[in-house]
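As structure tokens, the structure follows; a few thoughts come after it.
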Amino acid sequence: MERLPILSPSKAALCALAAAWGLGLAGPALAATEAGPDWAPASSERLIKLPGSYLKKAVERDFAKSGLAQALQEAETAMRLKHQSLQDIQEAMERADGQVRVDLRHRFLAEKRAYLDLVTRQQQLRRKQALTKIKLYERLMRKLGFKRGAMTPQKVALVERQQAALRRLNASSMRVDTKLFRSSMGKESKYAVAYAANLAAIERLNAAITAHPMNDEANGEMAGMSKEDHLRGLVAAAEAELANLDQEAGILGLMAKLVSLDALALSDDVAGGTADGDEDGAPNQGLTKAVDLFVTR
Amino acid sequence: MKIRTLIVGAAACAMILPLAAAKAGSLENLERERAMLMQAMLSADLSPKERQSKVTLSRNRLIDLERMVLRDKKLVGHNTPAVRAAFENYDLTFLVHASVERDRALLDHWMRQVGVSTESLMNARIGRR
């Protein structure tokens, strides 16, 4: 393992403290002013026309092609690698003794600080994604509302009359066929035969679509939901993501505080010539799993 | 010169008119066919056999045309006076389906829709205005 140049204990503690303070203070400010990679989805007519279940997929596909998605993926990969190196250092600390252990503790603190930097960056990107999604879905809802608003009372009445007429036709068409064709020598028209064949084909295709495992509309959760309901659900999900991010920012602050306290402890230990030796734990991926790495010294 | 202009004009019209007819919507076709049916039913110049033959032909065409209009997605919410008028009175627009639904003869059904019934005819008096 690469050895770090040994700093004086007071210097190390100061560095760690500065890092912890820096993270705690700069985090929210950075989140507010972050420019960087972007994702600018357009609330196009195509998106409005898509069924609710496909809308989310289309938005996710659009996001996957953006610079923001790429940056987010890179940040997550960097976080995963940093997490792994933290685990490695922690394991090495368990086996080390004396000056090497002090060095490793110093290195562990530096890596924790770097990990917190990466988490901050990833949270900024996730926040940006969630905010962009909310804006997009709200734009779509406004457009949808505008389209509904464009239905004048006269047009609504016409559509209702047309639907009633179609219902009436469907109710009487069988009777018309029986009375005018089957009872006489006449035979069904080319249109009627072709229409029946096409209708049968459409029904078969619809049945196949309904039964398809990738069809989201088949699941009960989507059944009976209007497009506005679905959009409102998507906005709520994005808002929930923002709420989670706020909570995670709180966790990040606590982690930064622990790093500063660890730095103070390291400073005291080195000054007193002893090292604390309680570094067990089995960290995992994800911010809450990384807490284990921060609660141990 | 004038004759040549007329010939060219007539040729142009002959070319344009079929195109215009081909662009007619389902509702226009229905209206045209219904007008022909009414003409066949009310014409005094036709023999009973000719009338029967024309009415049967038009009636069979109208069955398809009425269904085409009602299934035409282009007409849904198409708020024009013609479409509004067509859907304001189902019984008059979709004459064949409505007459079968009400179990009446085509002419009888149409006459009732325009306000002429056997009773009103029987009660009518011949007079001078």
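Remember, predicted model here, so these are calculated numbers, not experimental data. Numbered from 1 within each chain, the chains take letters A, B, ... in sequence-line order.
Other residues, nucleotides and ligands contribute at most 12 non-hydrogen atoms within 6.0 Å of the CD atom of B:Gln39. Other residues, nucleotides and ligands contribute over 12 non-hydrogen atoms within 6.0 Å of the CE atom of B:Met68.
Among A:Val159, A:Leu166, A:Asn170, the residue with the largest count of heavy-atom pairs under 4.5 Å with chain B is A:Leu166. Between chain A and the residues B:Val83, B:Asn79, B:Thr93, the largest count of heavy-atom pairs under 4.5 Å involves B:Asn79. Each of A:Gln163, A:Glu160, A:Gln162 has some count of heavy-atom pairs under 4.5 Å with chain B, and the biggest count is that of A:Gln162. With respect to chain B, the highest number of heavy-atom pairs below 4.5 Å among A:Arg168, A:Gln154, A:Arg161 belongs to A:Arg168. In terms of non-hydrogen atom pairs under 4.5 Å with chain A, the most contact-rich of B:Arg84, B:His78, B:Arg71, B:Glu88 is B:Arg71.
With a 4.5 Å cut-off on non-hydrogen atoms, A:Leu158 touches chain B through its side chain but not through its backbone.
Taken to the nearest 0.5 Å, the OH atom of A:Tyr137 stands 7.5 Å off from the NE2 atom of A:His230. Considering CG of A:Leu234 and CG of A:Asp229, their distance stands at 11.0 Å, rounded to 0.5 Å.
A salt bridge between B:Asp45 and B:Arg51 is absent, with no side-chain N of the basic residue lying under 4.0 Å from a carboxylate O of the acidic one.
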